[in-house]
Novice: 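Shown below is the structure under consideration.
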Amino acid sequence: MQIRSLLSQRIEAAFTALGLSGQALLQSASRPEFGDYQANGVMAAAKRAGQNPREVAQAIIDAIDLDGIASDLSVAGPGFINITLAPQFIANAATSPQPSVDPQRVVVDYSGPNLAKEMHVGHLRGTIIGDCIARVLESLGHTVIRQNHVGDWGTQFGMLLTFMAEQEEASDSLADLENFYRQAKQRFDTDDDFQTRSRQAVVQLQSGNADMLVEWQKFIEISMSHCQSLYDRLRIDLSDADMDGESSYNDDLKHTIEHLDSQGLLTESDGAQCVFLDEFKNKDGEVQPVIVQKSDGGYLYATSDLACLRRRVGDFKADRVLYFVDARQTLHFKQVFAVAAAAGISNSKVELVHMPFGTMLGKDNKPFKTREGALVKLSELLDEAIARASKLLQEREVQNKNPDIDDAELAALAEIIGIGAVKYADLSKNRTSDYVFDWDQMLSFDGNTAPYLQYAYSRTRSIFTRSGVDASALPEHVISEGEPERRLAVAIAGYQDLLEQVALEGFPHQLCAYLYDLAGRFTQFYEQCPILTSDDAVKTRRLTLTKQTGDVLANGLTLLGIQVAERM
RNA sequence: GCACCUGUAGUUCAACUGGAUAGAAUACCAGGCUUCGAACCUGGGGGUUGCAGGUUCGAGUCCUGCCGGGUGCGCCA
C-alpha cells in the first residue's frame with residue numbers, strides 16, 4: 001500500500017477544505033517519539049495565508065478523517081503534524097508489492113561496454129545500477145525494454161581486425177581481450193604499414209565489405225561472450241536479445257541527418273553540419289553547436305544517439321527512456337535531448353532522463369586513468385571476492401553450525417556472499433557521486449553490507465526450519481504489539497512507498513538503506529522478542545512478522561540483483 | 001576563458017529534495033553467547049557540514065563571493 005500518498009491526499013484535501021493550498025510534504029518520522037509519519041507542509045501553507053501554523057495544524061487535525069488509518073495525530077514544534085498509524089492499518093498495509101496503476105513502457109539503457117576491450121571495474125556501476133532499476137520497474141508492473149548500447153563500431157575496430165587477421169587462432173588470442181588490445185595498439189603505434197592497413201580496414205568495414213563484416217562479426221561475438229559470462233556471474237538480466245550496438249544504427253544515420261535537414265535545423269560551419277540551439281548560448285550570446293556530421297562526411301555519436309531515439313520513441317513507443325551513463329556525458333545528453341525535441345524525434349509525452357553516475361577514482365582520489373596495468377579487470381574483482389568469502393566461511397566454521405552442508409553448497413555460498421558484497425558496496429552509494437575504488441571496502445563483509453542482509457534473511461528462515469512451522473499456514477496479517485514488533489511492522493508496511501520512489505528517481509542506494517534499516521529493526525526485534533518459546537498466539541504473531549520480514553528482504557535483495565541463501 | 005558537478009566524524013557514506021537534537025558503517029573504548037544463529041546486539045567518545053555573508057519561522061540543502069577537488073566545452077565515443 002502507498003501510505004505516503006494516501007496520507008498526503010487526506011491532508012491536502014483538508015488544506016483545501018480550510019481554504020489553503022500546498023503540499024502536505026509527508027515523510028516518515030525523523031524520530032521514533034514523533035510517531036510513524038510527519039507532515040511538514042503546514043508551516044508553508046499557513047504562512048502563505050497569513051495564519052498561525054500551529055492553529056492551522058490543529059484545525060487540520062480536527063477536520064481530517066483518518067479513522068482506521070491513524071490512531072494519533074498531534075501538533076508539534078512550529079506546526080508539524082505527527083502521525084501514528086493505527087495497528088490494524090499497519091497490519092493490512094503489509095502486502096507484497098502491488099503493480100502500478102499507470103503501467104508504462106520504459107526503455108532502460110545500461111551497461112554499454114566497449115567491445116574493443118575487456119570489462120574492468122569501472123563498468124560495474126552502470127551495469128548493476130541500471131539492472132537494479134530495470135528490475136524495480138518490472139516488479140511494479142511496467143514494461144521494461146532493456147538496451148545494451150555496446151560500443152561495437154568505430155575506428156578502433158579497424159586496428160583490431162587487422163591485428164586479428166595476423167593471428168593464427170583468433171579465438172585463442174582473444175581469450176585475453178585486454179592483452180590483445182594492448183598488443184594491437186602497440187603494433188598500430190609502431191608500425192606504419194600496419195597503421196595504413198588499419199585505416200583501410202575501417203573504410204572497408206563501414207562501407208559494408210562482406211569479408212570484413214564476417215571478421216568483425218567474429219570479433220564481436222567473442223568479445224560479447226566475455227561480457228555475457230560476466231553478466232551471468234553478476235546475475236545481470238542482459239542477453240543478446242537486449243543488444244543495441246552502435247553498428248545497428250549505421251544505416252539510419254543518413255536518414256537522421258535528412259530528417260534534421262527537413263526540419264530546417266542544419267547549419268554548415270567550417271564544412272561540418274551543425275545544429276545551433278538558443279539554449280546552448282553562453283553569456284556572450286555565442287551559441288555552441290551540436291555537430292552531427294563531420295566535414296569529411298562521417299557521423300558522430302550525437303547522430304547515433306539521435307538515430308537511437310528515433311527507434312526508442314518511434315518504434316518502441318516508450319513512455320520513458322532512462323540512460324544510465326557516466327556523468328561526464330551530461331552535456332552530450334542535454335544536447336541530444338534538445339535536438340530531438342526541436343526535430344520532433346521526441347515529444348512532450350515521452351520522458352527522456354539521463355541518470356548519471358559518478359566517475360571511479362583511484363586510491364589517490366584522482367580519476368582512474370587508463371594507464372597500462374592500472375585497471376582492475378572485473379573478473380579479477382569477482383574472483384577475489386569469492387576467494388575472500390570462501391576463506392571467511394572456513395574461519396567461521398559454517399559446517400559446524402550446519403553439519404549437513406556440503407562442499408558444493410559451501411562453494412555456492414561463497415559466490416552468493418562474495419558477489420553480493422561487491423554489488424552492494426556499489427549500489428549502496430549515491431549514484432551521482434564519484435567513488436574511490438578500494439579492494440577492502442569493496443570486499444567488506446561487516447556492518448552495512450550485503451552479507452548482513454543475507455544473514456538477517458537466513459535467520460528469518462532458520463526459525464522455520466528449526467521449528468518445523470509451515471510458513472504458508474500463517475495468517476496473512478497480524479496486529480503487532482509492543483515497540484519492537486511495531487517498529488518492524490511499520491517498516492514492512494512502507495516497502496511499497498520505497499519501491500515507487502526508487503522507480504521514479506533511479507537511486508538504488510535508497511533501497512539499500514531501506515533494507516538495512518529493516519534488517520536492523522528485525523535483529524532488534526529478534527533480540528527482544530522470544531518467538532518459539534512464546535504462547536501460541538504470540539508465537540503465531542511473531543512468526544508472521546518474521547515471515548513478512550524475510551519476504552521483503554528476499555524481494556528487495558533480488559531487486560538489487562543479490563541472491564539470498566536459506567542458511568549461511 | 002565559459003559551463004556543470006563536488007567539499008559532511010580519522011576513514012567510507014546517509015540525511016526522503018527547505019524541517020525538529022546532522023545519522024549509519026568502520027576504526028577505537030566498555031559490556032553481552034549453558035537461553036530461537038555473536039557475519040550480531042547494547043552503551044561510549046568522535047562534527048563550527050571548506051570559509052564568509054545573505055534569504056526566513058527554520059539552511060548540510062536555496063542565493064552571492066571567496067578557497068580547495070573534479071569533469072566537460074566544433075568535427076573521438
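Below, chain A is the first sequence line, B the second, and so on; all start at residue 1.
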Novice: Say you pick atom P in G43(B) and the same atom in G54(B); how far apart are they, in whole Å?
Specialist: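 Approximately 40 Å lies between the P atom of G43(B) and that of G54(B).
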Novice: Please report the distance separating the P of G1(B) from the corresponding atom of G68(B), rounded so that it comes out in whole Å.
Specialist: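 Those two atoms are separated by 13 Å.
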Novice: Looking at Asn82(A) and A20(B), is any side-chain donor or acceptor paired with a base atom of the opposite kind under 3.5 Å?
Specialist: yes
Novice: Classify the angle between the aromatic ring planes of Phe157(A) and Phe219(A) as parallel (below 30°), tilted (30 to 60°) or perpendicular (above 60°).
Specialist: perpendicular
Novice: Considering every strand and a 4.0 Å limit on heavy-atom distances, what is the contact class for Leu393(A): base, sugar-phosphate, or nothing?
Specialist: base
Novice: Only pairs with both distances under 3.5 Å count, Watson-Crick or wobble alike; so what is the partner of A25(B) in this structure?
Specialist: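 Paired with U11(B).
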Novice: Less than 4.0 angstrom between a side-chain N/O of Gln335(A) and OP1 or OP2 of G72(B), yes or no?
Specialist: no
Novice: Find which nucleotide of RNA chain B each of Gly520(A) and Ala29(A) is nearest to by heavy atoms, and output the residue with the more 5' nucleotide.
Specialist: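 The residue mapped nearer the 5' terminus is Ala29(A).
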Novice: Any strand is fair game: report the nucleotide pairing with C33(B) by Watson-Crick or G-U wobble, both distances under 3.5 Å, or none.
Specialist: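 Base-paired to nothing in any strand shown.
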Novice: Please give, in whole Å, the distance from G23(B) P to Lys429(A) NZ?
Specialist: 21 Å
Novice: Without decimals, in angstroms, what is the distance between Asp244(A) CG and A77(B) P?
Specialist: 16 Å
Novice: Considering every strand and a 4.0 Å limit on heavy-atom distances, what is the contact class for Tyr299(A): base, sugar-phosphate, or nothing?
Specialist: sugar-phosphate
Novice: Counting heavy atoms from C-beta on, name the nucleotide in U17(B), A20(B), C13(B) closest to the side chain of Tyr435(A).
Specialist: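 The closest nucleotide is C13(B).
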Novice: Regarding Ala76(A), tell me which of base, sugar-phosphate or nothing describes its non-hydrogen contacts under 4.0 Å with the strands shown.
Specialist: base
Novice: Any idea which heavy atoms bring Arg54(A) and Gly77(A) closest together, and the distance?
Specialist: NH1-O, 2.6 Å
Novice: Where the side chain of Arg459(A) is concerned, which of A39(B), C40(B), G19(B) is the nearest nucleotide?
Specialist: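 It is C40(B).
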Novice: What is the separation between atom CZ on Arg431(A) and atom P on U17(B), rounded to the nearest whole Å?
Specialist: 16 Å
Novice: Compare the minimum distances between each of U21(B), C40(B), G19(B) and the side chain of Asn40(A), then state the nucleotide with the smallest one.
Specialist: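 Side chain of Asn40(A) sits closest to G19(B).
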Novice: Expressed in angstrom and rounded to an integer, what is the separation of Lys391(A) atom NZ from A39(B) atom P?
Specialist: 17 Å
Novice: Within the distance-only criterion (no hydrogens, no angle test), does the side chain of Ser8(A) pair as donor or acceptor with the backbone N or O of Ala24(A) below 3.5 angstrom?
Specialist: no
Novice: Between Tyr323(A) and Phe337(A) (judged by ring centroids, cut-off 6.0 Å), do the two rings come close enough to count as a pair?
Specialist: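 Tyr323(A) vs Phe337(A): aromatic centres under 6.0 Å.
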Novice: Would you call the rings of Tyr452(A) and Tyr516(A) parallel, tilted or perpendicular, where under 30° means parallel and over 60° means perpendicular?
Specialist: tilted
Novice: Ser30(A) has a side chain; which of G37(B), G74(B), A20(B) sits nearest to it?
Specialist: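 Of the candidates, A20(B) comes closest.
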Novice: Hey, mind stepping through Asp440(A) and Arg388(A) against salt bridge (Lys or Arg N to Asp or Glu O under 4.0 Å) and telling me if it holds?
Specialist: CA-CA 10 Å; Asp440(A) 293 329; Arg388(A) 290 200 194 190; 3.0 Å; yes
Novice: Contact class for Asn430(A) vs. all strands (heavy atom < 4.0 Å): base, sugar-phosphate, or nothing?
Specialist: sugar-phosphate
Novice: Tell me what Tyr526(A) touches on the nucleic acid: a base, only sugar-phosphate, or nothing, going by heavy atoms under 4.0 Å.
Specialist: base
Novice: Look at all strands and tell whether Thr533(A) reaches a base, only sugar-phosphate, or nothing, counting heavy atoms closer than 4.0 Å.
Specialist: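 It contacts nothing in the nucleic acid.
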Novice: Where does the angle between the aromatic ring planes of Trp439(A) and Phe437(A) fall among parallel (under 30°), tilted (30 to 60°) and perpendicular (over 60°)?
Specialist: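 Judged by the thresholds at 30° and 60°, the geometry between Trp439(A) and Phe437(A) is perpendicular.
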Novice: Quote, to the nearest angstrom, the C1' distance that separates C62(B) from U26(B).
Specialist: 33 Å
Novice: If you look at every strand shown and take non-hydrogen atoms under 4.0 Å, does Tyr455(A) touch a base, only sugar-phosphate, or nothing?
Specialist: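 Touches a base.
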Novice: Both distances below 3.5 Å, Watson-Crick or wobble geometry, any strand: find the nucleotide opposite C76(B).
Specialist: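 When the pairing criteria are applied, nothing turns out to pair with C76(B), so the answer is none.
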Novice: So which heavy atom on Leu393(A) is nearest to which on Ala414(A), and how close?
Specialist: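 Minimum heavy-atom contact is CD1-N, 3.6 Å.
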Novice: Does the ring of Phe34(A) lie flat against the base of A20(B), closer than 5.5 Å centre to centre with planes under 30°?
Specialist: yes
Novice: Does Lys294(A) or Ser28(A) map to a spot on RNA chain B nearer the 5' end, using the closest nucleotide for each?
Specialist: Ser28(A)
Novice: Determine which nucleotide pairs with A39(B), using a 3.5 Å limit on both distances of a Watson-Crick or G-U wobble pair.
Specialist: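 Base partner found: none.
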Novice: Which one is paired to U71(B), where only Watson-Crick or G-U wobble pairs with both distances under 3.5 angstrom count?
Specialist: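 For U71(B), the partner nucleotide comes out as A3(B), under the 3.5 Å rule.
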Novice: Using purine N1 to pyrimidine N3 plus N6-O4 or O6-N4 for Watson-Crick, or N1-O2 and O6-N3 for G-U wobble, each under 3.5 Å, what pairs with U56(B)?
Specialist: none
Novice: So, Tyr452(A) and A39(B): ring centres less than 5.5 Å apart, planes less than 30° off, yes or no?
Specialist: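 A stacking contact does not exist, since Tyr452(A) is not both close and nearly parallel to the base ring of A39(B).
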Novice: Base, sugar-phosphate, or nothing for Cys512(A), non-hydrogen atoms under 4.0 angstrom?
Specialist: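 Touches nothing.
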Novice: If I take atom CG in residue Asp326(A) and atom C1' in nucleotide C5(B), what distance separates them, rounded to the nearest angstrom?
Specialist: 12 Å
Novice: Side chain of Arg31(A), heavy atoms from C-beta onward: which of U21(B), A77(B), G19(B) has the nearest atom to it?
Specialist: U21(B)
Novice: Measure the acute angle between the ring planes of Phe507(A) and His509(A), then classify it against the limits of 30° and 60° as parallel, tilted or perpendicular.
Specialist: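 Taking His509(A) first and then Phe507(A), their aromatic rings stand perpendicular (interplane angle over 60°).
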Novice: Lys401(A) near the nucleic acid: base, sugar-phosphate alone, or nothing, with a heavy-atom cut-off under 4.0 Å?
Specialist: base
Novice: Any idea which of C16(B), C73(B), G23(B) is nearest the Gln288(A) side chain?
Specialist: C73(B)
Novice: Which of these nucleotides, C75(B), G19(B), C16(B), is closest to any side-chain atom of Leu300(A)?
Specialist: C75(B)
Novice: Among G19(B), A77(B), G72(B), find the nucleotide with the atom closest to the side chain of Arg328(A).
Specialist: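 For the Arg328(A) side chain, the nearest candidate turns out to be G72(B).
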Novice: Mind checking if Gln510(A) touches a base, just sugar-phosphate, or nothing, with heavy atoms under 4.0 Å?
Specialist: nothing
Novice: Please work out whether U6(B) sits syn or anti, treating a glycosidic angle within 90° of 0 as syn.
Specialist: anti
Novice: By the 4.0 Å heavy-atom rule, please label Gln454(A) as base, sugar-phosphate, or nothing.
Specialist: nothing
Novice: Rounded off to whole Å, could you give me the CZ-to-P distance for the Phe333(A) and G72(B) pair?
Specialist: 15 Å
Novice: For the side chain of Val398(A), starting at C-beta, report the closest nucleotide among A39(B), C16(B), G19(B).
Specialist: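 In terms of side-chain proximity for Val398(A), the closest of A39(B), C16(B), G19(B) is A39(B).
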Novice: Using a heavy-atom cut-off of under 4.0 Å over every strand shown, decide if Thr330(A) touches base, sugar-phosphate, or nothing.
Specialist: nothing
Novice: Quickly work out the Ile531(A) CD1 to C36(B) C1' distance and round it to whole Å.
Specialist: 6 Å
Novice: Please pick, from C41(B), A14(B), U26(B), the nucleotide with the shortest atom-to-atom distance to any side-chain atom of His509(A).
Specialist: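 Ranking C41(B), A14(B), U26(B) by closest atom to the His509(A) side chain puts A14(B) first.
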Novice: Say we look at U12(B) and C66(B): how far apart would their P atoms be, to the nearest angstrom?
Specialist: 28 Å
Novice: Would you classify Ile417(A) as touching base, sugar-phosphate or nothing, given that sugar-phosphate means primed atoms plus P, OP1 and OP2, and contacts are heavy atoms under 4.0 Å?
Specialist: base
Novice: Which part of the nucleic acid does Thr155(A) contact within heavy-atom distance under 4.0 Å: base, sugar-phosphate only, or nothing?
Specialist: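 It contacts nothing in the nucleic acid.
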Novice: Can you check the Tyr424(A) OH to C13(B) C1' distance for me, whole Å?
Specialist: 11 Å
Novice: On a whole-Å scale, what distance lies between the P atoms belonging to A9(B) and A15(B)?
Specialist: 16 Å
Novice: Where do Phe445(A) and Tyr455(A) land on the ring-ring contact (aromatic ring centres under 6.0 Å, His included) test, with the steps shown first?
Specialist: CA-CA 11 Å; Phe445(A) 299 128; Tyr455(A) 181 68; over 10 Å; no
